[in-house]
Amino acid sequence: MPLRVVICHELPIVRDGLTTALNDETDIEVVGATDSGIQAILWARTVQLDVIVTGLTLHGIPGIELIKRVRQEKLSPQPKVVVFAMNHSDQMITEVLRAGADGLLVKEATAEELGAAIRAAASGQIMLAPLVANRLVSWFRRQDSRPDEQLRPVLAALTPRERQVLLLIARGKSTDEVASELAIGVTTVRTHVYRLRCKLDVRDRAQMVSVAYRAGLMVPA
């Protein structure tokens, strides 16, 4: 059964563009498009959505409020929210991640990245646009570079392959890119990511990146 997706953006040209970009994805079905955050929530209550792709400026309520409200809704399934933003400022990234978005893309995103972000969100993962990942990496590099000694036992429990996957994720690689670089299957990568989340006791990729830097695995440029 294809993933059921709603596109939510104030600009018709962007809504149409995102919808068109997903037309060739056989495992994704766009069931509606709107400029209203309220309408997106109403659809989520009645249509059993998997993912909402939204901009940040909407009619009725802003995109940040939409993310928060969707997370508060007691729905089954609870839709994931992927943000399609027109800029990648530090303030925007902070607000979106704090609100609880399940993915963050910017206007430079390709159709392939859009589809990958939707699939990642639906499977409980978080995908960040490369520009966003680079911003986060730069922020971590500016922090205290001394390794957190408390993380040593946790890292010691990782297998060599799990450490490889963690390093690639910390460099902003998507699931498909990790699979390609390590010459393993996408399903195998997802299994490693799940085990990493359990062993590191983290919820998402952003926290995995944090662990990699705090543990001293990443060498600043």
Side-chain angles (χ1 to χ4, degrees), residues 3 5 18 21-22 24-28 50-51 53 80 82-85 88 90 93 96-97 101-143 145 147-148 151-221:
L3 298 174
V5 175
L18 294 174
L22 296 172
D24 294 331
E25 304 292 343
T26 57
D27 60 336
I28 297 174
D50 294 293
V51 179
V53 178
K80 305 297 185 180
V82 173
V83 170
F84 181 81
H88 46 88
D90 289 347
I93 294 171
V96 166
L97 295 181
D102 302 287
L104 175 54
L105 300 175
V106 292
K107 62 183 179 180
E108 292 82 2
T110 64
E112 289 75 16
E113 289 172 341
L114 176 61
I118 290 172
R119 296 184 190 95
S123 64
Q125 301 180 42
I126 291 182
M127 179 174 165
L128 303 177
L131 286 171
V132 175
N134 288 340
R135 285 291 186 96
L136 290 176
V137 168
S138 297
W139 183 85
F140 282 115
R141 284 174 173 169
R142 294 196 297 267
Q143 308 309 302
S145 60
D148 186 340
L151 292 174
R152 284 186 178 275
V154 178
L155 294 178
L158 301 182
T159 66
R161 180 65 88 191
E162 287 169 348
R163 289 173 71 98
Q164 286 180 310
V165 172
L166 177 60
L167 287 170
L168 291 173
I169 288 174
R171 291 172 184 149
K173 301 289 186 179
S174 68
T175 299
D176 289 343
E177 290 171 334
V178 173
S180 176
E181 187 151 340
L182 297 181
I184 58 179
V186 170
T187 301
T188 302
V189 174
R190 289 173 178 161
T191 299
H192 286 310
V193 170
Y194 172 76
R195 290 174 178 169
L196 281 167
R197 287 169 58 190
C198 293
K199 289 184 177 181
L200 301 177
D201 191 25
V202 298
R203 291 178 301 153
D204 51 46
R205 290 188 172 217
Q207 291 184 346
M208 289 171 66
V209 173
S210 174
V211 169
Y213 276 90
R214 284 163 45 215
L217 293 181
M218 308 298 291
V219 179

**Item:** Heavy-atom check, side chain of Leu3 versus side chain of Ile118, under 4.5 Å
**Value:** yes
**Request:** Mind listing the closest non-hydrogen atom pair of Ala120 and Met127 along with its distance?
**Result:** CB-CB, 4.2 Å
**Residue pair Leu166 / Leu200, side-chain heavy-atom distance below 4.5 Å** = yes
**Fill in**
Rounded to the nearest 0.5 angstrom, the CG-CG distance for Leu128 and Leu97 is 6.0 Å
**Asked** Below 4.5 Å, heavy atoms only, C-beta onward: do Asp50 and Val5 meet side chain to side chain?
**Response** no
**Evaluation steps, side chain to side chain contact (heavy atoms under 4.5 Å, CB included), between Val106 and Val132** = CA-CA 8 Å; Val106 292; Val132 175; 4.2 Å; yes
If you look only at distance, which donor and acceptor atoms sit under 3.5 Å apart when one is on a side chain in residues 174-192 and the other is two or more places apart or in another chain?
residue	atom	partner	partner atom	Å
Ser174	OG	Glu177	N	3.2
Ser174	OG	Glu177	OE1	3.4
Thr175	OG1	Gln125	OE1	3.2
Thr175	OG1	Arg205	NH2	2.5
Glu177	OE1	Ser174	N	2.9
Thr191	OG1	Thr187	O	3.1

**Asked** Would you say the side-chain atoms of Arg197 pair up with the backbone N or O of Val193, donor to acceptor, closer than 3.5 Å?
**Response** no
**Message:** Let me confirm one number: the NZ-CG distance from Lys107 to Leu131, rounded to the nearest 0.5 Å.
**Reply:** 10.5 Å
**Main-chain N/O of Val154 paired to Lys199 side chain as donor or acceptor, under 3.5 Å** = no
**Request:** Apply the test side chain to side chain contact (heavy atoms under 4.5 Å, CB included) to residues Glu25 and Arg119: give CA-CA distance (whole Å), side-chain angles for both, the deciding distance (0.1 Å), then the verdict.
**Result:** CA-CA 11 Å; Glu25 304 292 343; Arg119 296 184 190 95; 2.4 Å; yes
**Complete:** Between the CG atom in Leu196 and the CG atom in Asp201, the distance rounded to the nearest 0.5 Å is 12.5 Å
**Nearest atoms (heavy-atom pairs only) where Ala170 meets Ala212** = CB-CB, 3.7 Å
**Request:** Hey, could you give me the CE/CD1 distance between Met208 and Ile126, rounded to the nearest 0.5 Å?
**Result:** 11.0 Å
**Message:** With rounding to the nearest 0.5 angstrom, report the CG to OG distance, Asp102 to Ser123.
**Reply:** 10.0 Å
**Asked** If we only count heavy atoms from C-beta on, is the Val82 to Leu104 side-chain gap below 4.5 Å?
**Response** no
**Asked** Step by step, would you call Thr159 with Glu162 a side chain to side chain contact (heavy atoms under 4.5 Å, CB included)?
**Response** CA-CA 5 Å; Thr159 66; Glu162 287 169 348; 3.1 Å; yes
**Message:** Looking at Thr110, is its backbone amide N or carbonyl O close enough to the side chain of Glu113 to form a donor-acceptor pair, meaning the two atoms are under 3.5 Å apart?
**Reply:** yes
**Message:** With rounding to the nearest 0.5 angstrom, report the CG to CG distance, Leu22 to Leu114.
**Reply:** 4.5 Å
